[in-house]
Amino acid sequence: MINRFNRLSSILKTAGVDAILINKPESRRYLTGFAGSAGTVLCDCACTYRKLFVDFRYIEQARLQATQWDIVKSVQNSLAEIAVLAGSAGFKRIGFESDFITVDAKAGLDKAFADFELVPIKLADLRKEKDDSEIRIIKTAVEIAESALGKVIKEIRVGVKERDVAISLETYMRKAGADASAFDIIVASGVRSALPHGRASDKLIENGDFITIDFGAYFEGYNSDITRTFVVGKASDKHREVYNTVLEAQLAGVRAVKAGVLNQSVDKVARDYITAAGYGEYFGHGLGHGLGMLVHEAPGLSYAAEAAILQINNIVTVEPGIYIPGFGGVRIEDDVVVKEYGCEILTSFDKRLIEL
Ligand code: GLY
Ligand code: MN
Ligand code: MN
């Protein structure tokens with residue numbers, strides 16, 4: 001946690017605040033270890049004053065998990081009580097997470113903290129550089145997901161429902177240790193595979209379908225996020241052409257990932273490949289995104305993302321796709337750790353075209 005406190009401290013000092021209030025679940029868990037769904041952090045800019053306010057439901061859990069924090073029992077959402085303590089600690093300028101709070105919650109904060117100056121702060125960059133323990137957990141989340149995919153592809157055949165594939169996948173992940181699915185599993189077959197986010201439906205899988213499966217395991221607070229596309233039955237020349245174009249673009253994107261490179265330029269490498277192959281108009285989304293406690297977090301890896309230089313131990317996805325309405329689509333997604341001279345690929349599931 002020391003390193004995490006140093007990071008927070010430097011953000012707070014740059015913002016010139018005396019302390020910060022934190023409510024965002026991932027910021028709270030990252031800094032305290034507390035995994036409960038409610039609680040407020042009040043922390044000074046040196047990270048020596050560290051209080052975690054939780055209600056009756058979470059006192060014991062907080063004591064067990066947030067061992068470096070002073071646990072204070074509070075009535076649910078009792079900002080007034082926190083303001084009194086902040087006042088007696090001598091805080092005047094207090095930060096709050098402006099990318100999380102609702103309009104109503106901000107009104108409540110303004111009321112309770114009327115005697116303070118409230119300063120909007122974003123903590124998105126706090127978790128960009130993963131530490132060894134985070135990388136280990138995400139690796140396990142990837143292993144859980146890939147072992148489940150290995151089992152489920154044996155069940156995919158003509159006449160099986162997309163929805164049943166998703167249910168099986170989730171069950172295998174849960175049995176392998178996942179706390180949950182990282183997000184609603186995408187199983188999109190046939191013409192539905194042209195929907196980049198086609199959630200598993202009641203459609204039956206047919207011969208000659210592309211089937212795109214995009215899923216991940218949520219494990220100890222972190223996510224994996226993987227996509228593979230298969231062909232049911234024999235792949236046609238068109239299937240192979242589209243698939244191989246995405247695969248080459250994906251490999252080129254992965255090769256372009258390294259510390260010191262502009263995120264948008266990695267997107268460009270993969271996009272240029274797809275465009276040169278004549279499929280540019282069918283690749284409409286960004287190349288990838290940061291991955292961690294949230295499925296989508298900083299840094300983005302998209303032409304449309306805020307410009308960012310990739311740094312060692314950022315974890316990002318690389319996931320180009322081609323989606324042709326009326327025909328189908330392909331996406332291939334890996335999770336990679338940015339390194340000095342390239343990247344470490346966490347996902348290892350076969351990327352060659354598999355006919356099921
Ligand atoms: N399914 C969301 C993503 O891959 O980003
Ligand atoms: Mn995905
Ligand atoms: Mn993704």
Side-chain angles (χ1 to χ4, degrees), residues 26 124 127-128 130 134 138-139 141-149 152-153 162-163 165-166 169-170 172-173 178 180-189 192-201 210-219 222-230 243 246-247 249-251 253-254 256-257 263-264 266-267 270-271 274 282-306 308 310 314-323 328-338 343 345-351:
E26 55 275 13
R127 308 190 318 278
K128 267 201 319 200
K130 270 62 183 178
E134 294 178 288
I138 295 173
K139 269 185 183 161
V142 166
E143 284 164 13
I144 290 171
E146 292 195 326
S147 73
L149 184 62
V152 97
I153 60 169
E162 290 177 355
R163 189 186 300 281
V165 173
L169 199 46
E170 175 151 6
Y172 288 133
M173 287 198 293
S181 200
F183 48 87
D184 278 351
I185 294 173
I186 291 167
V187 178
S189 63
R192 292 192 77 252
S193 59
L195 306 174
H197 277 181
R199 286 191 188 142
S201 74
F210 265 137
I211 177 166
T212 295
I213 304 182
D214 182 351
F215 70 110
Y218 179 68
F219 173 71
Y222 289 82
N223 298 282
S224 53
D225 182 13
I226 303 164
T227 308
R228 290 293 183 267
T229 302
F230 308 95
Y243 189 91
V246 175
L247 179 57
Q250 204 270 348
L251 293 170
V254 169
V257 173
N263 56 350
Q264 296 160 345
V266 180
D267 177 291
R271 195 167 304 280
I274 289 176
Y282 301 116
F283 175 29
H285 58 71
L287 181 65
H289 51 85
L291 175 72
M293 291 186 131
L294 295 179
V295 176
H296 296 120
E297 60 181 40
L301 196 68
S302 162
Y303 64 95
E306 195 181 324
L310 295 182
N314 290 160
I315 294 190
V316 292
T317 68
V318 181
E319 51 177 308
I322 292 177
Y323 312 91
V330 173
R331 181 166 61 257
I332 301 170
E333 176 176 28
D334 280 329
D335 304 339
V336 308
V337 190
V338 178
C343 67
I345 307 172
L346 301 180
T347 27
S348 60
F349 203 94
D350 202 342
K351 291 194 281 197

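Values in this document were obtained by computation on a predicted structure and should not be read as measured data. For ligands, and for the atoms within them, numbers begin at 1 and follow the listed sequence.
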For this session: With the side chain counted from C-beta on, respond yes when Thr229 and Ser193 share a heavy-atom pair under 4.5 Å apart, and no when they do not.
Result: no

Problem set entry | Check: Arg331 N/O within less than 3.5 Å of ligand 1 N/O | no

Problem set entry | Arg228 side chain to Ile211 backbone, donor-acceptor under 3.5 Å | no

Exercise. Would Ile213 and Phe230 count as a side-chain contact (heavy atoms from CB on, under 4.5 Å) if you check the C-alpha gap in whole Å, the side-chain angles of each, and the deciding distance to 0.1 Å?
Worked result: CA-CA 8 Å; Ile213 304 182; Phe230 308 95; 4.2 Å; yes

Exercise. To which protein heavy atom is atom 2 (C) of ligand 1 closest, and what is the distance rounded to 0.1 Å?
Worked result: His197 NE2, 3.6 Å

Problem set entry | Sub-4.5 Å side-chain heavy-atom contact between Arg331 and His285 | yes

Seminar exercise, completed: In His289, the N/O/S atom nearest the Mn ion (ligand 3) carries the name NE2

Exercise. So, Asn314 side chain and Lys128 main chain: donor-acceptor pair closer than 3.5 Å or not?
Worked result: yes

Problem set entry | Test of proximity, Thr227 against ligand 1: N or O pairs below 3.5 Å | no

For this session: Starting from the Mn ion (ligand 2), count all protein N, O or S atoms within a radius below 2.8 Å.
Result: 4

Problem set entry | 4.5 Å side-chain heavy-atom contact, Val336 and Val316 | yes

For this session: Return yes if some donor-acceptor pair links the side-chain N/O of Gln264 with the main-chain N/O of Ala305 below 3.5 Å, else return no.
Result: yes

Seminar exercise, completed: Numbered in order shown, the ligand 1 atoms found under 4.0 Å of a heavy atom of Phe183 are 1 (N)

For this session: If you have a sec, work out which protein heavy atom is nearest atom 1 (N) of ligand 1 and how many Å separate them, to one decimal?
Result: Asp214 OD2, 2.9 Å

For this session: Tell me, please: is His289 in heavy-atom contact with ligand 1, that is, under 4.0 Å?
Result: yes

Exercise. Distance-only, no hydrogens or angles: does the Thr347 side chain make a donor-acceptor pair with backbone N or O of Phe349 under 3.5 Å?
Worked result: no

Problem set entry | Asp225 side chain vs Gly216 backbone, donor-acceptor pair below 3.5 Å | no

Seminar exercise, completed: min-distance protein heavy atom vs atom 5 (O) of ligand 1 -> His296 NE2, 2.7 Å

Problem set entry | Sidechain N-carboxylate O distance under 4.0 Å for Arg127, Glu134 | no

For this session: With rounding to the nearest 0.5 Å, note down the distance linking CD1 in Ile186 to OG in Ser201.
Result: 12.0 Å

Problem set entry | Subset of ligand 1 atoms that lie under 4.0 Å from at least one heavy atom of Glu333 | 4 (O)

Problem set entry | Shortest protein contact, atom 3 (C) of ligand 1 (heavy atom only) | Asp225 OD2, 3.4 Å

